[in-house]
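Below is one structure, written out as structure tokens; the observations come after it.
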Amino acid sequence: MVETQQFSREWLEQELFPLARTMRASVHERNTPQSLSGKGMVTLFYEPSTRTRLSFEIAMQRLGGWVVSTENAREFSSAVKGESLQDTIRVVNGYHPDVIVLRHHEEGSAKIAAAISKAAVINAGDGTGQHPTQALLDLFTIQEELARIDGLSVALVGDLARGRTVHSLAYLLAKFRGVRLFLVSPPNLQMRGEIKEYLERHNVSFTEHADLRTITSQADVIYQTRTQTERGSLAEEGKQENVFCVVDAQVLSLMNPNSIIMHPLPRNEEIHSEVDKDPRVAHFRQVENGLYVRMALLKMILE
Ligand code: CP
């Protein structure tokens, strides 16, 4: 599971979403079957994470499986001694896990790992590339919040050049009918060309904007993202223009009453905490959906 282009609409709607709902009910009722008893997961994280690593590990443990984790592999694994990703994947395979959840700082790393791993590999974020499981939980959140995906207008906002969550989500939204995308970013952080070409090939209507407020009233979903300051100076160059992409009380006042605000988190100044009490702000419900979607994914891959 390395990129969102690989999923079909049928699989999303007929398999993943129903199973995620079943997982949600089982967590709420505290009766999750231990159906992955004896199955094992290694989480290899070369970049920091709160949500993705914890939710995968909790998902596996709730389903009865075992988990071994390297949470700072860049510092505390033999990567420090020069071991390649390929060798690390071969070594981990020698311990016979059923799945490896990999977060890595280099784009394409999940594909490299998947090509040599006997255990299933789940891409938990590969540099500026993709974050497929985040997009799956984002799409599930949109479906649960708004009861549809077809025909929605979705604003993808922020660092669209290097934000892997928006890359994965754009590919997924292109699978639905009549979706319209507003790509809102400072000029130097615009969506990557290859994704815009993909949207054009799949007849997805999109427009680019530098000021969120100009399209706020037309959006059903405002999907805000963090500037990827850890990935170089591009962000600094766009700092002046970033103020036009902030979700604040003014943006809330311009929003449609039935629209929602999402954010993959963590957040910085791009979304003010003062907006959190508005019921249209869905980001903590979105976080919770991550557990149910990842439980469903693990069941589908490992059972
Ligand atoms: N949304 C997300 O990927 O968060 P973490 O970096 O905390 O995993």
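Note that the structure is predicted; figures quoted are calculated from it, not measured. Start at 1 and go down the list; that is how both ligands and their atoms are numbered.
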Between D138 and Q286, does any side-chain donor sit less than 3.5 Å from a side-chain acceptor? yes

Validation row: R24, E144 side chains within 4.5 angstrom (heavy atoms): yes

Does N289 reach the main-chain N or O of Y292 with its side chain, forming a donor-acceptor pair under 3.5 Å? no

Take every heavy atom of E47, measure it against each atom of ligand 1, and state whether any distance is under 4.0 Å. no

What atoms of ligand 1 come within less than 4.0 Å of a heavy atom belonging to Q134? 1 (N), 2 (C), 3 (O)

Numbering as shown, the atoms of ligand 1 that approach S49 to under 4.0 Å (heavy-atom distance): 5 (P), 6 (O), 7 (O), 8 (O)

Using a strict cut-off of 4.0 Å, indicate which atoms of ligand 1 neighbour a heavy atom of R103. 3 (O), 5 (P), 6 (O), 8 (O)

For residues 73-98, the ring pair (Phe, Tyr, Trp, His ring centres under 6.0 Å) pairs (sequence neighbours left out) are none

Heavy-atom proximity to atom 4 (O) of ligand 1, picking from Q286, H263, R51, points to R51

Please report which non-hydrogen protein atom sits nearest to atom 7 (O) of ligand 1, along with the residue it belongs to and the distance in Å to one decimal place. T50 N, 2.7 Å

For P264, is at least one N or O under 3.5 Å away from an N or O on ligand 1? yes

Suppose I only count heavy atoms of L265 and a 4.0 Å limit; which atoms of ligand 1 are within that range? 1 (N), 2 (C), 4 (O)

Side chains of Q143 and E13: do they bring a donor and an acceptor to under 3.5 Å? no

Under 3.5 Å, is there a donor-acceptor pair between the R294 and S55 side chains? yes

